[in-house]
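Hydrogens, waters and symmetry mates are skipped; everything else that's a heavy atom, side chains included, is used. In what follows, residues are counted from 1 in the order of the sequence shown.
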Amino acid sequence: MLDQNCRFDWYQATVYVPEPSHGGLAGELVKAWDLADLAPDKGMHGYLHGAKIVRGDRTLCRVWWGGNPGVNITCSGEDSPVLAELLQRLGLPYGVTRADACCDWVEPGLFDSLAGHLIAFAQDKTISINQQGDWVRGQARTLYLGSPQSPVRLVLYEKGYEQGGDAPKDWVRLEVRVKPKREHRIAVGRWKPEELMVCGWVADALAVLGWDQLQKRAVGTVWRPSDDERSRAALLRQYG
């Protein structure tokens, strides 16, 4: 069985408050990272205002608000788990708009083995396949399963080639990208990285790779909401 240790690699959420100072959100974001500061930034994706959490010249987190409902917050890479933990404990209503979870290995020939099994699985299940990079020479390859518009997409790529430099060329990353819809965004906000890795048909794909005892999760998993969750769902409907 493959090592199932995984982590968040992207975390993006909309907090259902009018602006970052509401509920102490901006202050908590700054405190979430050591030696961090709040700096101005431009708004993007239809948002009028922007800010970023920085440490020196490194951007840790981006924040946008105004022009669209709520406050959108985005982290990538190693900073993603920090944002996920903060939002889960802060108590402000929020919904996840995108979350990625990944697992890494460094092993010769692993990409070819995993890619072969995943392509066969996708062909059998009529899941869309997209291959990028140099598959003839076996360099800088990326395999996408699932369409870009799908709530769930599986990505296998040669991380070592992406990193460049002295990174090992046998470094392989398996990544699940989840973009939940509507009310499901609140439910996904409670998930751990390993739950993203077994979302929808991805659980069946991982079983083909040798992962066992997987409990499949759906982006639209039915759950009995608490009073707080019903209130958050009402906020989500209000903000569209």
Side-chain angles (χ1 to χ4, degrees), residues 3-17 19-45 47 49-65 68 70-106 142 152-168 171-180 185-197 199:
D3 180 8
Q4 297 182 27
N5 184 29
C6 58
R7 64 190 180 282
F8 288 120
D9 190 53
W10 182 286
Y11 208 83
Q12 184 171 3
T14 297
V15 182
Y16 304 121
V17 296
E19 41 81 25
S21 65
H22 188 93
L25 177 60
E28 291 295 328
L29 284 170
V30 173
K31 291 191 297 184
W33 286 272
D34 293 334
L35 305 176
D37 292 304
L38 184 67
D41 198 11
K42 63 180 180 180
M44 296 182 65
H45 307 298
Y47 289 94
H49 311 292
K52 54 187 178 181
I53 310 299
V54 298
R55 182 192 296 127
D57 59 357
R58 179 187 169 198
T59 297
L60 306 169
C61 179
R62 295 189 182 274
V63 185
W64 301 311
W65 71 98
N68 287 320
V71 177
N72 189 278
I73 310 174
T74 304
C75 280
S76 62
E78 64 187 48
D79 300 306
S80 304
V82 179
L83 177 59
E85 190 277 331
L86 171 64
L87 293 179
Q88 288 173 1
R89 68 170 173 80
L90 194 55
L92 293 174
Y94 72 96
V96 170
T97 52
R98 175 181 165 183
D100 300 355
C102 68
C103 297
D104 289 347
W105 302 274
V106 178
T142 301
V152 181
R153 205 176 194 201
L154 184 63
V155 185
L156 176 73
Y157 60 102
E158 295 182 290
K159 184 69 175 177
Y161 282 95
E162 181 196 64
Q163 291 294 102
D166 295 331
W171 180 3
V172 178
R173 173 165 292 182
L174 183 67
E175 186 171 284
V176 177
R177 300 176 181 176
V178 177
K179 297 179 181 179
R185 294 173 176 175
I186 294 177
V188 174
R190 303 192 305 273
W191 288 11
K192 299 177 181 179
E194 53 266 29
E195 292 176 282
L196 291 176
M197 297 296 294
C199 186

Side chain to side chain donor-acceptor pair (under 3.5 Å) partners of E19, counting only residues at least two apart: S21
Closest non-hydrogen atom pair between P20 and V63, with its separation: CG-CG1, 4.1 Å
Side-chain heavy atoms of T74 within contact of W64, under 4.5 Å: yes
Pairwise distance CD(E78) to CG(L60) - rounded to 0.5 angstrom: 9.0 Å
Heavy-atom pair with the smallest gap, counting every atom of A101 and M197: O-SD, 3.5 Å
Between CZ on residue R7 and CG on residue D100, distance to nearest 0.5 Å: 11.5 Å
Ion pair D9/R177, N-O distance below 4.0 Å: no
All side chain to side chain donor-acceptor pair (under 3.5 Å) counterparts of Q163, not counting sequence neighbours: none
Atom pair CG/SG of L174 and C6 - distance to nearest 0.5 Å: 9.5 Å
T59 vs I53 side-chain heavy atoms within contact, under 4.5 Å: no
Pairing residues for E195 by the side chain to side chain contact (heavy atoms under 4.5 Å, CB included) criterion, not counting sequence neighbours: W191, K192, R217
Spacing of CZ belonging to F8 relative to CG belonging to L83, to within rounding of 0.5 Å: 9.5 Å
Qualifying residues under side chain to side chain donor-acceptor pair (under 3.5 Å), relative to R153, sequence neighbours excluded: none
Inter-residue atom distance C102.SG - N5.CG, 0.5 Å rounding: 9.5 Å
Partners passing side chain to side chain donor-acceptor pair (under 3.5 Å) against Y157 (at least two apart in sequence or in another chain): E175
Set of side chain to side chain contact (heavy atoms under 4.5 Å, CB included) partners for S76, sequence neighbours left out: W10
Pair D104-V172, side chain to side chain contact (heavy atoms under 4.5 Å, CB included): steps then yes or no: CA-CA 6 Å; D104 289 347; V172 178; over 6 Å; no
Derivation and outcome, side chain to side chain contact (heavy atoms under 4.5 Å, CB included), residues V152 and L196: CA-CA 9 Å; V152 181; L196 291 176; over 6 Å; no
Atom of Y94, atom of G189 and distance for their closest heavy-atom approach: OH-O, 2.8 Å
Pairwise distance NZ(K159) to OG1(T142) - rounded to 0.5 angstrom: 10.0 Å
Donor-acceptor contact below 3.5 Å, side chain T14 vs main chain G95: no
Set of side chain to side chain contact (heavy atoms under 4.5 Å, CB included) partners for P168, sequence neighbours left out: V106, W171
Closest non-hydrogen atom pair between V96 and P180, with its separation: O-CG, 3.1 Å
Residue pair Y47 / N72, side-chain heavy-atom distance below 4.5 Å: yes
Salt bridge (charged side-chain N to carboxylate O under 4.0 Å, His left out) involving K52 - partner list, sequence neighbours excluded: none
By ring pair (Phe, Tyr, Trp, His ring centres under 6.0 Å) - contacts of H49 (at least two apart): W65
Donor-acceptor contacts under 3.5 Å from residues 26-43 side chains, at least two apart:
| unit_1 | atom_1 | unit_2 | atom_2 | d |
| --- | --- | --- | --- | --- |
| E28 | OE2 | K31 | NZ | 3.2 |
| W33 | NE1 | D79 | OD1 | 3.2 |
| D41 | OD2 | R62 | NH1 | 2.4 |

